[in-house]
Amino acid sequence: MAWIYLFFGALFEIGWAVGLKLSEGFTHPFYSTLTIICIFISFVFFTKALRGIEVGTGYAIFTGIGAVGTAIIGMTFLGDGGGAGKVFFIVLLIIGILGLKMSETTTEVIGQEG
């Protein structure tokens, strides 16, 4: 379940990162409110995920998914520049995220019974 929480937290991280752009420095009330809500939900999910995932691995994957998703949305919908180099490094990030997930070891998390 921790990995599901991490994934949803990362999706909301993408939401708030894009929201920061759309809010134009928190000058648009709708996008500003949406951004703040996404920040809150993102960190709630991330906090729940860290109960079952090592903090280093969890944070790297959380931010990696957020960075990849935000870059793709930026290039696709927001007019951010792209190109072969950018796509190459996005793919490299995805490979790194998958590598971290596959190398995760099962450990007892401090303060958790079971």
Side-chain angles (χ1 to χ4, degrees):
M1 194 68 179
W3 290 104
I4 294 169
Y5 287 142
L6 186 71
F7 178 74
F8 280 109
L11 289 181
F12 280 96
E13 181 187 13
I14 295 166
W16 68 257
V18 172
L20 286 174
K21 170 76 172 177
L22 297 176
S23 74
E24 295 182 13
F26 290 102
T27 59
H28 292 269
F30 174 76
Y31 290 117
S32 298
T33 302
L34 195 61
T35 300
I36 292 167
I37 290 168
C38 284
I39 289 169
F40 178 77
I41 294 171
S42 173
F43 281 99
V44 167
F45 277 119
F46 183 52
T47 301
K48 287 181 175 281
L50 290 182
R51 292 180 185 163
I53 300 172
E54 296 173 354
V55 68
T57 300
Y59 185 69
I61 292 174
F62 175 77
T63 57
I65 292 171
V68 167
T70 303
I72 290 171
I73 289 173
M75 288 186 301
T76 306
F77 300 108
L78 302 176
D80 291 354
K86 196 169 194 176
V87 171
F88 171 77
F89 287 109
I90 288 172
V91 170
L92 198 59
L93 267 171
I94 293 169
I95 291 168
I97 291 166
L98 293 173
L100 281 169
K101 166 63 174 106
M102 290 186 294
S103 67
E104 173 72 1
T105 58
T106 305
T107 59
E108 184 179 328
V109 178
I110 297 172
Q112 189 175 41
E113 295 181 24

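Taken together through direct or relayed side-chain contacts under 4.5 Å among Ile, Leu, Val, Met, Phe, Trp and Tyr, I14 and V87 form parts of separate hydrophobic clusters. In terms of hydrophobic clustering, with Ile, Leu, Val, Met, Phe, Trp and Tyr side chains grouped at heavy-atom distances under 4.5 Å, I97 and V55 are assigned to a common cluster. Grouping the Ile, Leu, Val, Met, Phe, Trp and Tyr side chains by contacts below 4.5 angstrom, directly or via other members, places F7 with I41. By the rule that hydrophobic residues join a cluster once side-chain heavy atoms approach within less than 4.5 Å of another member, V68 and F89 end up as members of separate clusters. Residue I4 is grouped with residue L11 when hydrophobic side chains (ILVMFWY) are merged at heavy-atom distances under 4.5 angstrom, including chains of intermediate members.
Contact annotation: the side chain of W16 never approaches that of I36 to less than 4.5 Å [non-hydrogen atoms, C-beta and beyond]. Two residues are said to be in side-chain contact when any heavy atoms from C-beta on lie closer than 4.5 Å; T63 and E13 meet this criterion.
Nearest heavy atoms, G82 versus M75: CA-SD, 3.6 Å. The two atoms that bring V18 and L78 nearest to each other are CG1-CD1, 4.1 Å, heavy atoms only. Of all non-hydrogen atoms in A10 and I65, the two that sit nearest each other are CB-CG2, 3.4 Å. Of all heavy-atom pairs between A49 and A2, the closest is CB-O, 3.4 Å. Shown here for I90 and A71, the closest heavy-atom pair between the two residues is CD1-CB, 3.7 Å. Of all non-hydrogen atoms in D80 and K86, the two that sit nearest each other are CB-NZ, 4.3 Å.
Sorted by first and then second residue, the side-chain hydrogen bond (donor to acceptor under 3.5 Å, both in side chains) pairs involving residues 18-30 (not counting sequence neighbours) are E24-H28.
In this structure, I72 CD1 and I94 CD1 are separated by 5.5 Å, a value rounded to the nearest 0.5 Å. Between the CG atom of L100 and the CD1 atom of I53 there is a distance of 11.0 Å, given to the nearest 0.5 Å. Taking CZ from F62 and CZ from F43, the interatomic distance works out to 5.0 Å, rounded to the nearest 0.5 Å. Atom CG of L93 and atom CG of L98 lie 11.0 Å apart (nearest 0.5 Å).
With sequence neighbours excluded, no residue forms a ring-ring contact (aromatic ring centres under 6.0 Å, His included) with Y31.
Ring pair F45/F12 is parallel by interplanar angle, where below 30° counts as parallel and above 60° as perpendicular.
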